[in-house]
Amino acid sequence: MTSKSKQRLIMHIDVNSAYLSWEAAYRMQQGSSLDLRDIPSVIGGDVESRHGIVLAKSIPAKKYNIQTGETLFSARQKCPELIVIPPHYELYMMASNAMIDILNDYTPAIQRFSVDEMFLDFTSMEYHYPDPIELAYSIKDRIKHELGFTVSIGISNNKLLAKMGSDLKKPDAVTTLYPDEISKKMWPLPVEDLFMVGRATAPKLHKLNIFTIGDLAAYDSDILKSKLKSHGIVIWNFANGNENSDVRKSNVIDVKGIGNSTTISFDVTDRKEAHLILLSLCEMVGMRLRHQESCCNLVAISIKSHDFISYSRQRKLYYPIDSTAKIWRVAAALFDEVWKGEPVRNLGVRASELCTNEFIQTTMFDDKDIEKTRDLDNTIDKVRLKYGTAAIIRGSFLHSGLSPINGGIGEESYPVMTSIL
DNA sequence: TCTGGGGTCCTAGGACCC
DNA sequence: TCTGGGGTCCTAGGACCC
């Protein structure tokens, strides 16, 4: 086979202002005459419960310099007539799935990079699709006409360049970024536009007199490595368009960890109350774990205090577990080990070092009713799946005023790979 | 003034072993 | 008075992504 050196053909599809577009398209389908995309509008969390940040913005909102992630308070200062819509995550998942259904008509080689970004591999399909640009336009237009929202598509022969390409022109656009176009299209951009150059790296690069992606590409990679370790080599390669990872179908097996966290609507000062919130998170983590038939070998908790200081504690387990009660026992113990008594704003629970739950290893000293615990967890999961998560709640939550289950991503989870693309 | 939630990967230091 | 050098595992924290 000589196909090793064969050029690949990769596309990256990015939904323009995803949450906002999906909300707008949905409302239009419901008969609304107002298109949120035409006015200054954002998707934003609930300020009351301390979730008040911008999750997505319309193009008119962007003209007011409103940024994703900034507080709604600050956004409204920039634009007092700003329309704020709460998020509807189930809708986003449905829109994302509908898009995947369309893409499946073109190729099975789809990698769902996030809820609103996909990579497609069209390598060796020139017989079916002789013209990549024409193909991209037909995909883009079909999504627009059938689903009512626009996407931007980048075309190249690796994932990094395809992704950078889809960013070049927005919205509703198709852009190529082949290797011979890098110097013209990518190198003049500010270095912070490069994938994996974030808040912390950009100032370090500026200090080295690196301001554009081209500056980075031309820089001495050894010096970069000495200053930024392995990350320096990664971004130097990206700046030069070097990247060769596969478009790979997401697989439950390669999920590395499952975690949920919550910002509480008030500051928690009571240890027992914190334990209860951890329990509500363990309910979700445990349910997700069992749903994909995994056990974890490590439990970690995270705490964010009222003054936004974050810290965490983790413990490697002696044997894998998947029971809500056991995860909680570890989580509560970890909390007690590190909590300094200050008011707590946010709590998180994460289960990682996953393995299959097929053969659960138990120690001699483990409780003998492990099967009973499993049966109970599984029964509760089934009832909740059928009648909703509120169908069974623990008695300890009854008069607590706290939510008995906390955290998102129940059914159709989509793993996100970041630095590996 | 107010600041989400879901992930992955890397690094550095200490413990421990041979 | 002088105190190695690897390797692996564990933990905490930080950086990045959408």
Side-chain angles (χ1 to χ4, degrees), chain A residues 12 14-15 17-19 43-56 67-78 86-87 89 92-93 96 112-118 159-160 163 166-167 192 194-204 225 228-235 238 245 250 254-265 281 284-285 288 297-318 334 337-338 345-354 406-410 412-421:
Chain A
H12 178 256
D14 191 326
V15 179
S17 320
Y19 289 4
I43 305 296
D46 175 33
V47 178
E48 275 294 272
S49 59
R50 312 203 288 186
H51 289 63
I53 65 160
V54 173
L55 297 162
Q67 313 274 338
T68 301
E70 82 175 294
T71 62
L72 287 178
F73 178 88
S74 141
R76 280 197 253 249
Q77 279 193 327
K78 292 175 180 174
Y89 295 103
Y92 309 152
M93 207 60 222
S96 178
R112 189 177 214 156
F113 188 62
S114 72
V115 72
D116 68 329
E117 287 184 37
M118 327 281 165
K159 282 155 67 178
L160 183 272
K163 181 163 167 55
S166 69
D167 244 14
E192 43 270 61
L194 183 64
F195 182 67
M196 291 302 287
V197 175
R199 237 192 6 228
T201 306
K204 290 181 196 167
K225 186 174 184 183
L228 300 172
K229 313 286 173 192
S230 62
H231 189 238
I233 296 303
V234 170
I235 59 175
F238 285 178
S245 67
S250 322
D254 38 50
V255 172
K256 299 287 195 293
I258 289 175
N260 288 99
S261 64
T262 185
T263 292
I264 307 117
S265 55
L281 291 162
M284 181 55 79
V285 170
R288 293 172 61 197
N297 286 287
L298 185 111
V299 173
I301 60 138
S302 61
I303 299 173
K304 179 146 73 181
S305 63
H306 66 115
D307 47 4
F308 278 80
I309 310 276
S310 298
Y311 51 101
S312 63
R313 192 160 177 90
Q314 64 182 57
R315 174 129 68 231
K316 176 105 167 82
L317 309 173
Y318 295 108
L334 290 170
E337 285 166 27
V338 281
R345 176 187 179 89
N346 178 289
L347 285 168
V349 175
R350 165 158 289 273
S352 51
E353 294 191 13
L354 305 186
N406 242 311
I409 308 290
E412 323 266 346
S413 61
Y414 49 92
V416 182
M417 298 297 295
T418 52
S419 54
I420 287 200
L421 269 182

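By convention in this document, chain letters (A, B, ...) are assigned in the order of the sequence lines, proteins followed by strands, and residues within each chain are numbered from 1.
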Nearest-neighbour nucleotide for the Asn346(A) side chain, dA12(C), dC2(B), dG5(B) considered: dG5(B)
Gap between atoms NZ and P, on Lys256(A) and dC16(C) respectively (whole Å): 21 Å
Check against side chain to side chain contact (heavy atoms under 4.5 Å, CB included), Asn406(A) and Met284(A): CA-CA 6 Å; Asn406(A) 242 311; Met284(A) 181 55 79; over 6 Å; no
Separation of atom CD1 in Ile53(A) from atom P in dG4(B), rounded to whole Å: 6 Å
Stem regions touching DNA chain C, defined by at least 3 consecutive Watson-Crick or wobble G-U pairs below 3.5 angstrom: B:5-18 with C:5-18
Minimum-distance nucleotide (side-chain atoms of Ser114(A) versus dC18(C), dC2(B), dG4(B)): dC18(C)
Of Phe308(A) and Gly259(A), the one whose closest DNA chain B nucleotide lies more 5': Phe308(A)
Sugar-phosphate only, base, or nothing, as touched by Ser74(A) at under 4.0 Å among non-hydrogen atoms: nothing
Short side-chain N/O contact to dG13(C) OP1/OP2 from Ser310(A), under 4.0 Å: no
Donor-acceptor contact below 3.5 Å, side chain Asn346(A) vs main chain Lys304(A): no
Sugar-phosphate only, base, or nothing, as touched by Tyr311(A) at under 4.0 Å among non-hydrogen atoms: sugar-phosphate
Under-4.0 Å side-chain N/O to phosphate OP1/OP2 contact, Thr263(A) with dG5(B): yes
side-chain N/O Asn260(A) vs dG6(B) OP1/OP2, d < 4.0 Å: yes
Closest to the Ser230(A) side chain, choosing from dC10(B), dG4(B), dC10(C): dC10(B)
Touch class at under 4.0 angstrom, heavy-atom based, for Gly257(A) against every strand present: sugar-phosphate
Minimum-distance nucleotide to Lys316(A) side chain [options: dC18(C), dT8(B), dT11(C)]: dT11(C)
Length of the CG-P vector between Leu298(A) and dC10(C), whole Å: 9 Å
Phosphate OP1/OP2 of dC17(C) contacted by Lys163(A) side-chain N/O (<4.0 Å): no
Minimum side-chain heavy-atom gap Arg350(A)-Gln314(A) below 4.5 Å: no
Whole-Å gap separating C1' (dT1(B)) and CD (Glu70(A)): 12 Å
Nearest-nucleotide pick for Arg199(A), side chain only, options being dG13(C), dC17(C), dC16(C): dC16(C)
Those residues that, when tested against Asp46(A), pass side-chain contact (heavy atoms from CB on, under 4.5 Å) (two or more places apart): Glu48(A), Ser49(A)
Any Asp116(A) side-chain heavy atom under 4.5 Å of Asp14(A) side chain: yes
NZ/Lys316(A): more than 12 non-hydrogen atoms of other groups inside 6.0 Å: yes
Side-chain heavy atoms of Met93(A) within contact of Val115(A), under 4.5 Å: yes
Closest nucleotide among dT11(C), dT8(B), dT3(B) to the Gln314(A) side chain: dT11(C)
Contact check, side chains of Leu160(A) and Phe195(A), non-hydrogen atoms, under 4.5 Å: yes
Sugar-phosphate only, base, or nothing, as touched by Lys304(A) at under 4.0 Å among non-hydrogen atoms: sugar-phosphate
Minimum-distance nucleotide to Phe195(A) side chain [options: dG4(B), dC16(C), dC17(C)]: dC17(C)
Whole-angstrom distance between dC16(B) and dG4(C), as gauged at atom C1': 15 Å
Nucleotide dG14(C), atom P - distance to NE2 of His231(A) in whole Å: 16 Å
Out of dG4(B), dC10(C), dC16(C), whichever nucleotide has its closest atom nearest the side chain of Met196(A): dC16(C)
Separation of dT11(C) P from Leu334(A) CG (nearest whole Å): 9 Å
Any Arg350(A) side-chain nitrogen or oxygen under 4.0 Å from OP1 or OP2 of dG6(B): no
Value in whole Å for how far the P atom of dC2(B) lies from CG of Asp307(A): 16 Å
CA sep, side-chain torsions, deciding dist, call: Ser96(A), Arg112(A), side chain to side chain donor-acceptor pair (under 3.5 Å): CA-CA 9 Å; Ser96(A) 178; Arg112(A) 189 177 214 156; 2.6 Å; yes
Sugar-phosphate, base or nothing in reach of Gly198(A), heavy atoms under 4.0 Å: sugar-phosphate
Atom-to-atom span, OH of Tyr318(A) to C1' of dC10(C) - whole angstrom: 11 Å
Sugar-phosphate, base or nothing in reach of Glu117(A), heavy atoms under 4.0 Å: sugar-phosphate
Touch class at under 4.0 angstrom, heavy-atom based, for Thr201(A) against every strand present: sugar-phosphate
Tyr92(A) and Tyr19(A) aromatic ring geometry - parallel, tilted or perpendicular at 30°/60° bounds: parallel
Arg112(A) side-chain N/O to dC18(C) phosphate OP1/OP2 under 4.0 Å: no
Toward the 5' end of DNA chain B, by each residue's nearest nucleotide, Lys229(A) or Gly407(A): Gly407(A)
